[in-house]
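Scope of the values below: all heavy atoms of this structure, side chains included, with no hydrogens, waters or symmetry mates.
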Amino acid sequence: MLNVVIFGGPGSGKGTQSVYIAEKYGLFHLSTGDLLRAELKTKSALGQEIDSYISKGNLVPDKLMIDMLAGVLDRERPKVKGFIFDGFPRTLAQAEALNDMLAERDTNISVVLDMDVNDDELVKRLLNRGLTSGRSDDNEETIKSRLNVYHTQTAPVAAFYKEAGCLSKIKGIGTIEEIFGRIQNAIDKVK
Ligand code: AMP
């Protein structure tokens, strides 16, 4: 299996690039943000709990995320060549759980794409996206808190993958095509 993690701050292009990666390599696009927003739409009790985290820019608890991910992994695995994990892992506990979940299924992470975009550019992109996204978290206050959560809780996960030797830094500034070109180079090296 080809299992790719796309890693980076909010607005670093993870979702956009994941669509291209999934299409080109035959992978299932597993976006935890999309899964959570789908649950939110159902207005279930779980959806309301999730909303209380997302709208403040906080992370949803690890256990909930890991259980959600395992379910999708088992449902989709027989149908695809691998996964592109978009927005997961966001904590060290999630990274460790993902390693374990993949090992239990006789596979592993092929490469982690670390999307490198500076904070000023991230804020600019998210505010711009907020004009049309309808997302409760694309506003100035929540963007600040998402960036803070990214730097304190998520960015340290990069060191975990660097240590494991599978981290590939990708310059995340440029046109969508230029960035996708860099990503393909990184994936083709490990395929
Ligand atoms: P995203 O669409 O990836 O930007 O995610 C939107 C929001 O969903 C995040 O700000 C978090 O509140 C929540 N979320 C998404 N993925 C995760 C995750 N792996 N762990 C915890 N919370 C998550």
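When hydrophobic clusters are built by joining Ile, Leu, Val, Met, Phe, Trp and Tyr residues whose side-chain heavy atoms come closer than 4.5 Å, directly or via intermediates, V190 is not grouped with Y161. L59 and L35 are members of different hydrophobic clusters when ILVMFWY side chains are connected at heavy-atom separations under 4.5 Å. Tracing side-chain contacts under 4.5 Å through hydrophobic residues (I, L, V, M, F, W, Y), one reaches L102 starting from L167; they form part of the same cluster. The cluster map of Ile, Leu, Val, Met, Phe, Trp and Tyr, joined by side-chain heavy atoms under 4.5 Å apart, puts L27 and L69 in different clusters. Hydrophobic clustering keeps I179 apart from F7 (ILVMFWY residues linked when any side-chain heavy atoms are closer than 4.5 Å, directly or through intermediates).
Between Y150 atom OH and I143 atom CD1 the span is 16.0 Å, to the nearest 0.5 Å. We find the CZ-CD distance between F180 and E23 to be 8.5 Å, quoted to the nearest 0.5 Å. The distance from the CG atom of L73 to the CZ atom of R105 is 5.0 Å, given to the nearest 0.5 Å. Distance check, rounded to the nearest 0.5 Å: CG of L147 to OG of S145 gives 8.5 Å. The distance from the NZ atom of K191 to the CD atom of Q184 is 9.5 Å, given to the nearest 0.5 Å. A distance of 8.5 Å separates SG in C166 from CZ in F160, rounded to the nearest 0.5 Å.
Side-chain contact between D62 and M65: absent, with no pair of heavy atoms (C-beta onward) separated by less than 4.5 Å. Two residues are said to be in side-chain contact when any heavy atoms from C-beta on lie closer than 4.5 Å; M68 and T32 fail this criterion. Side-chain contact between S136 and T142 is absent, with no heavy atoms from C-beta onward closer than 4.5 Å. In this structure, the side chains of R90 and V157 stay at 4.5 Å or more apart for every pair of heavy atoms. The shortest distance between side-chain heavy atoms of L98 and F85 falls below 4.5 Å. The side-chain heavy atoms of I170 and D114, taken from C-beta on, include no pair separated by under 4.5 Å. Under the 4.5 Å side-chain criterion, counting only non-hydrogen atoms from C-beta, H151 is in contact with D119. Side-chain contact between V5 and I84 is absent, with no heavy-atom pair separated by less than 4.5 Å.
Between H29 and G15, the shortest heavy-atom contact is CE1-O, 4.1 Å. Considering every non-hydrogen atom in both I66 and A97, the closest pair reads CD1-CB, 3.5 Å. Shown here for T154 and P89, the closest heavy-atom pair between the two residues is CG2-O, 4.4 Å. Across all their heavy atoms, E39 and S44 have their closest contact at OE2-OG, 2.8 Å. Here the shortest heavy-atom pairing between L126 and P10 reads CD1-O, 3.5 Å. Of all non-hydrogen atoms in M1 and S110, the two that sit nearest each other are O-OG, 3.8 Å.
Taking a cutoff of 4.0 Å between a charged side-chain nitrogen and a carboxylate oxygen, D138 and R129 qualify as a salt bridge. With respect to the salt-bridge test (charged N to carboxylate O, under 4.0 angstrom), the residues D120 and K124 do not qualify. Salt bridge K144/E140: absent, no basic N to carboxylate O contact under 4.0 Å.
In terms of modelled atom types and a separation under 3.5 Å, the side chain of E121 and the main chain of V117 share no donor-acceptor contact. Panel note: side chain Q17, backbone I176; a donor-acceptor pair is recorded below 3.5 Å. A donor-acceptor distance shorter than 3.5 angstrom exists from the side chain of K14 to the backbone of G8, with no hydrogens or angles considered. With hydrogens and angles ignored, the 3.5 Å screen pairs a side-chain donor or acceptor of N3 with a backbone N or O of F83. Within the 3.5 Å criterion, the main-chain N or O of K171 finds a donor-acceptor partner in the side chain of R182. In this structure, K56 contributes its side chain and S52 its backbone to a donor-acceptor pair below 3.5 Å.
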Q | Chi angles and distances behind the side-chain contact (heavy atoms from CB on, under 4.5 Å) call for L40, I54 | A | CA-CA 10 Å; L40 218 137; I54 292 191; 3.9 Å; yes
Q: Walk me through it: do L30 and D86 pass the test side-chain contact (heavy atoms from CB on, under 4.5 Å)?
A: CA-CA 6 Å; L30 205 168; D86 163 14; over 6 Å; no
Q: Evaluate side-chain contact (heavy atoms from CB on, under 4.5 Å) for K162 paired with V112, printing each intermediate quantity in order.
A: CA-CA 9 Å; K162 192 165 184 199; V112 177; over 6 Å; no
Q: Show your working on side-chain contact (heavy atoms from CB on, under 4.5 Å) between N99 and N108 and close with a plain yes or no.
A: CA-CA 7 Å; N99 270 1; N108 61 11; over 6 Å; no
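With a 6.0 Å radius and a threshold of 12 heavy atoms from other residues, nucleotides or ligands, Y20 has its OH atom at or below the threshold. Within a 6.0 Å radius of NZ in K79, other residues, nucleotides and ligands contribute more than 12 heavy atoms.
Looking only at atom types and distance, the side chain of K43 has no donor-acceptor partner in the side chain of Q48 under 3.5 Å away. For the residue pair Y25 / D188, a side-chain donor-acceptor distance below 3.5 Å is found, with atom types taken as modelled.
Remark: E49 pairs with L46, Y53, L64 by the side-chain contact (heavy atoms from CB on, under 4.5 Å) rule, at least two apart or across chains.
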